[in-house]
Protein chains: 4
Amino acid sequence: MNKIVLLTGFEPFNQEDINPSWEAVRALGDWHEGDFTVVARQLPCAFGVASKLLHQIVEEVQPSIVIMVGQAGGRVDMTVERVAINVDDAPIQDNRKRQLVDVPVVAGGPAAYFSTLPIKAIVHQLREAGLPASVSQTAGTFVCNHVFYSLMHQAADWGTTMRAGLIHVPYLPQQAARHPGSPSMRLADMIEALRIAVRTVLAYDVDLREAGGVTH
Amino acid sequence: MNKIVLLTGFEPFNQEDINPSWEAVRALGDWHEGDFTVVARQLPCAFGVASKLLHQIVEEVQPSIVIMVGQAGGRVDMTVERVAINVDDAPIQDNRKRQLVDVPVVAGGPAAYFSTLPIKAIVHQLREAGLPASVSQTAGTFVCNHVFYSLMHQAADWGTTMRAGLIHVPYLPQQAARHPGSPSMRLADMIEALRIAVRTVLAYDVDLREAGGVTH
Amino acid sequence: MNKIVLLTGFEPFNQEDINPSWEAVRALGDWHEGDFTVVARQLPCAFGVASKLLHQIVEEVQPSIVIMVGQAGGRVDMTVERVAINVDDAPIQDNRKRQLVDVPVVAGGPAAYFSTLPIKAIVHQLREAGLPASVSQTAGTFVCNHVFYSLMHQAADWGTTMRAGLIHVPYLPQQAARHPGSPSMRLADMIEALRIAVRTVLAYDVDLREAGGVTH
Amino acid sequence: MNKIVLLTGFEPFNQEDINPSWEAVRALGDWHEGDFTVVARQLPCAFGVASKLLHQIVEEVQPSIVIMVGQAGGRVDMTVERVAINVDDAPIQDNRKRQLVDVPVVAGGPAAYFSTLPIKAIVHQLREAGLPASVSQTAGTFVCNHVFYSLMHQAADWGTTMRAGLIHVPYLPQQAARHPGSPSMRLADMIEALRIAVRTVLAYDVDLREAGGVTH
């Protein structure tokens, strides 16, 4: 039986009319290769609602691997997140007009979970392929981090072998054209980068050990 | 009896001949006000060695509050760290010529600890005083994060009421003069900012709830 | 008879093995549409040599329009240069190992020349097409600015109706993959942007008047 | 008889309630040393009005040297401007609610004037003194550039030996405290930097030749 790789992207938020995370993810829906098939799903950009839906999807599709993808407007490259932290601290309202401040994602949960994806290997393979990428030490404190933490907590509860993590993507050129000064990346490159990420997760049970940290 | 507030700064690293964190901290050594006295100590910029020494100092001086201070060259303001993560991933060698990559700070420890300082209140009070400050979502993966995590882990072990956290400071102007393009802050402002931080920690048992997060 | 649009790009410099300016320009060689034909030529990245060759090319092909294109690693978008200044002040050696410092491009020449391309219209049309672009107030003081100034000076001498200017392009993704933290743009987008730039120059004898400046 | 060094700063603009350029300049009013005396004057942040007033001041006080100082919020250091260009292109309204777009500062004037201050020597001396500084290739297209160009044009008309130029200063810490993410510099450092700038202009009839340019 095929392994399921679940990719999730978000709906547009913060006055954008498009979210590159979903555009890239949906392009890979039903993509299959070797022994895996990709399932692509969209999440709402809303605290609680997004994580609940993600849990339902995970129970439904039983993925071996989950790569959550989110938009990080202002970043220059594909950023593979290292860690999810147990706090919602929103600088803006979510799509349900809620702005949570200093609330735990999961009351009583541990402070953080590390990604269980091979983050260094993904960055390594993306750069090898000529695609700009780096490890990120923070996924922020908004809905992306929220669903990331929430899923990792659920996975820890289950004691599952499911591996999961989050990748942030920059603005698309068409978005950056309306935000002068912002870097961007082509959708085709994001899609290719996610393909490589999926293959890399499947190929690496143990991560590469390559420096990817920062002094601060 | 007086409360002890322990402030630590680091020795110079990465080819600098000065470390503003130590310059600011040592200026506050023996400062006392109301019912507290400040003890200022320098830490080496070296994995393991720094955390071991910090543990010894803490056992010796029995502080109620610990504010670790570190240099974050390239940052624009006083950054009050939210979280310490359980990984050493050094982009450069430390002062003992060790470059740890993807090693836990404490094997088997939890993924992270949150600062137990009132980080929002500190940022709030610094800005009120006209000093640039912000919450930081990552303390990096070098020696600063290492000692921060290590101390929080020890504190959790002890079940102590000691509160602790990390504040990063920018370059001094004299350092930025040799790194064109880098922002900086005056030593006098850092010292004043640390004074305010100490008073704020003592004044706030519970943190303010003010947005200080980021979307990513 | 057809109008000639001359596009120039540069050879790689500063340890790169590719220069996106030339890759984009050469893709448009011999492109013709309506009453114009594009001539694409490469310039060496060397003071004096580049400007001399450009003068020869201009005498040879007799263009109505010249768009010089250069690489600006670190910039986020297509930057349409407003002005060329009469100084060479190189932070690095050129490809002939010369590092000119504070030498005029043309001894006795005026301090600067403005681009005679419709720079605001180009930026407007690029953004309309979903391509990130902005006006730049400085073309630097290296070989790009050198050839830009040199050609504008020659054009002023001739009293020609030829219109000319410079556009800087970001790194390609494959370059940014080796310079973590650097933004990039796809070659296909640069080529499309140059197509739009050419059509815009032909369509606008008088520039749009839209704010494109900065406070400093 | 004493040489007069005229320093000008601007009134607050763009919703600020303070302008560090004027705060620094006025602290040096009447400062005298050796054979010079400083005259400090404030300029309004308004196209036309500011340049007219500056011309009157110059006729009145007959300075040997003019250092115009302006605020450049977002810059990290003292930036010594190389060139003034003949265009007003305002991204925001000035203090008289005028937003000039693509209008020449002086109709029929040349495209630009270079600073006649020893800009490399000033940057060199500031860095030597531990004060962050750099050469800037653009003074923007707002009121600072406007008065800079206007005065250089007047000086060229007169054939005077008066030397003149513009230095931009960052935000003050108290301003940056309200603009999270913005770098800043202490007023005392700006004042000291301007002192050094004045002495350097007097000491250097010919500028140092040191690289201070950029590739783009």
Side-chain angles (χ1 to χ4, degrees), chain A residues 13-14 21 45 70-75 79 81-94 99-104 109-115 119-120 135-146 149 152 156 166 168-170 206-216, chain B residues 13-14 21 45 70-75 79 81-94 99-104 109-115 119-120 135-146 149 152 156 166 168-170 206-216:
Chain A
F13 68 103
N14 202 15
S21 68
C45 184
Q71 168 191 300
R75 290 198 184 167
T79 41
E81 298 296 342
R82 189 194 287 268
V83 65
I85 63 174
N86 190 16
V87 68
D88 295 326
D89 186 6
I92 55 172
Q93 289 186 342
D94 69 11
Q99 185 177 359
L100 300 183
V101 172
D102 288 348
V103 175
Y113 288 100
F114 285 112
S115 175
I119 62 174
K120 301 294 181 75
V135 171
S136 165
Q137 322 301 332
T138 172
T141 54
F142 196 52
V143 182
C144 288
N145 173 74
H146 176 90
Y149 181 92
M152 301 314 290
L166 173 66
H168 268 118
V169 299
V206 176
D207 200 0
L208 285 180
R209 189 173 287 188
E210 287 187 350
V214 290
T215 51
H216 56 263
Chain B
F13 69 101
N14 201 16
S21 68
C45 185
Q71 169 191 299
R75 289 198 184 166
T79 41
E81 297 296 343
R82 189 194 286 270
V83 64
I85 64 174
N86 191 15
V87 68
D88 295 327
D89 187 6
I92 54 172
Q93 290 186 341
D94 70 12
Q99 185 177 0
L100 300 183
V101 172
D102 289 347
V103 175
Y113 288 100
F114 285 113
S115 174
I119 61 174
K120 300 296 180 76
V135 171
S136 164
Q137 323 301 331
T138 173
T141 55
F142 195 52
V143 182
C144 287
N145 174 74
H146 176 89
Y149 181 92
M152 302 313 290
L166 172 66
H168 268 118
V169 299
V206 176
D207 200 1
L208 286 180
R209 189 174 288 187
E210 287 187 351
V214 291
T215 53
H216 57 263

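Each chain gets a letter, A, B and so on, in the order the sequences are listed, and its residues count up from 1.
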B:Lys120, B:Glu210, B:His168: which one forms the most heavy-atom pairs within less than 4.5 Å of chain A?
-> B:Lys120
With a 4.5 angstrom heavy-atom cut-off, is it the side chain or the backbone of [X] that approaches chain B, or both, or neither?
X	answer
A:Ala72	both
A:Leu208	backbone
A:Asp88	neither
A:Val143	neither
A:Tyr113	backbone
A:Glu81	neither

Measure distances from B:Val214 to the heavy atoms of chain A and classify the residue's part below 4.5 Å as side chain, backbone, both or neither.
->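 Both parts, backbone and side chain.
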Structural part of B:Val135 lying under 4.5 Å from a heavy atom of chain A = neither
State, to 0.1 Å, how close [X] and [Y] come at their nearest heavy-atom pair, and which atoms those are.
X	Y	result
B:Ala90	A:Ala211	O-CB, 3.8 Å
B:Gln71	A:His216	O-ND1, 4.2 Å
B:Pro91	A:Gly213	CB-O, 3.6 Å
B:Arg209	A:Val101	CD-O, 3.2 Å

CD1 of B:Ile119 to CG of A:Asp102: how many Å apart, nearest 0.5 Å?
->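 Result: 6.5 Å between the selected atoms.
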Look up atom CD1 in A:Ile85 and atom CZ in B:Phe114, then write down how far apart they are to the nearest 0.5 Å.
-> 4.5 Å
Can you tell which of [options] has the highest number of heavy-atom pairs within less than 4.5 Å of chain B?
options	result
A:Cys144, A:Gly212, A:Pro110, A:Gly70	A:Gly212
A:Gly73, A:Ser136, A:Gly140, A:Ala111	A:Ala111
A:Val87, A:Thr79, A:Asp207, A:Leu100	A:Val87
A:Asn86, A:Val83, A:Ile92	A:Asn86

Do A:Gln137 and B:Asn145 have side chains that get closer than 4.5 Å, going by heavy atoms?
->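 The answer is no; the side chains never approach within 4.5 Å.
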Can you find a pair of side-chain heavy atoms, one from B:Thr138 and one from A:Arg82, that are under 4.5 Å apart?
->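 Contact flag for B:Thr138/A:Arg82 side chains = no.
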